[in-house]
Amino acid sequence: VQLQACGGGLVQPGGYLRLSCAASGTIFTVNVMGWYRQAPGKQRELVAAITSGGSTNYTDSVKGRFTISRDNAKNTVYLQMNSLKPEDTAVYYCNGDIFGAPAPGVIGLQDYWGQGTQVTVSS
């Protein structure tokens, strides 16, 4: 089981980006999926999360600008980021709480992380 994130890049302030993260492998259920970010010199923080039923929560600094969504059929989570600010610059990581088979003969619920994608907001 692995998570593959993509969609980062360089954008000017006020611009937008869309991140996506797909879970692959032997997967039975995907529970909460989320996006975290880590800026240089700072701790990793939760940006947004979404349950399998579609309930969402956001950190205060992105409310009204970012939207998290998911496609359960594709085991994919998205983060639409609008009105980007320089302070949004960070490496963004996707996270998933997944019940699957990470190895032959092994089945269980585990927390998985994607590899991270850089988002830079700068003029």
Which distance, rounded to the nearest 0.5 Å, do you find between the [atom1] of [X] and the [atom2] of [Y]?
X	Y	atom1	atom2	value
S24	N75	OG	CG	9.0 Å
D71	M33	CG	CE	10.5 Å
N57	L46	CG	CG	6.0 Å
L3	Q115	CG	CD	9.0 Å
S55	I50	OG	CD1	8.0 Å

Salt bridge (Lys or Arg N to Asp or Glu O under 4.0 Å) partners of R65, counting only residues at least two apart: D88
Keeping E45 on the side-chain end and Y36 on the backbone end, is there a donor-acceptor pair under 3.5 Å? no
Treating R37 as the side-chain partner and T89 as the backbone partner, does any N or O pair qualify as donor plus acceptor under 3.5 Å? no
Taking everything shown except F28 itself, do over 12 heavy atoms lie less than 6.0 Å from its CZ? yes
What's the verdict on side-chain contact (heavy atoms from CB on, under 4.5 Å) for N95 and W35, showing C-alpha distance, side-chain angles and the deciding distance? CA-CA 6 Å; N95 173 268; W35 289 94; over 6 Å; no
With a 4.5 Å heavy-atom cut-off, do P102 and Q2 have their side chains touching? no
How are the rings of F66 and Y92 set to each other: parallel, tilted or perpendicular (split at 30° and 60°)? tilted
Taking only residues two or more places apart in sequence, or in another chain, which ones meet L109 in a side chain to side chain contact (heavy atoms under 4.5 Å, CB included)? N31, D97, F99
So, using side chain to side chain contact (heavy atoms under 4.5 Å, CB included) as the criterion, who are the partners of S122 when residues are at least two apart? L10, T120
Is V62 reachable from V32 through a run of I, L, V, M, F, W or Y residues, each pair having side-chain heavy atoms under 4.5 Å apart? no
Within 45° of the ring axis of Y93 and under 6.0 Å from its six-membered ring centre, is that where the NZ or CZ of R44 lies? yes
Can you check side-chain contact (heavy atoms from CB on, under 4.5 Å) on E87 and V121, steps first, answer last? CA-CA 8 Å; E87 50 264 43; V121 185; over 6 Å; no
The test is side-chain contact (heavy atoms from CB on, under 4.5 Å); show your working for T117 and L19 and say whether it passes. CA-CA 8 Å; T117 184; L19 306 183; 4.0 Å; yes
Pairs of donor and acceptor atoms involving the side chains of residues 76-84, under 3.5 Å and at least two apart or interchain, shall be tabulated with distances.
residue, atom, partner, partner atom, Å
T76, OG1, K74, O, 2.9
Q80, NE2, N82, OD1, 2.9

Name all pairs fulfilling the disulfide bond (SG atoms under 2.5 Å apart) condition that reach into residues 8-109, sequence neighbours left out, sorted by first residue then second. C21-C94
Sorted by chain and residue number, the ring-ring contact (aromatic ring centres under 6.0 Å, His included) partners of Y112 (sequence neighbours excluded) come out as none
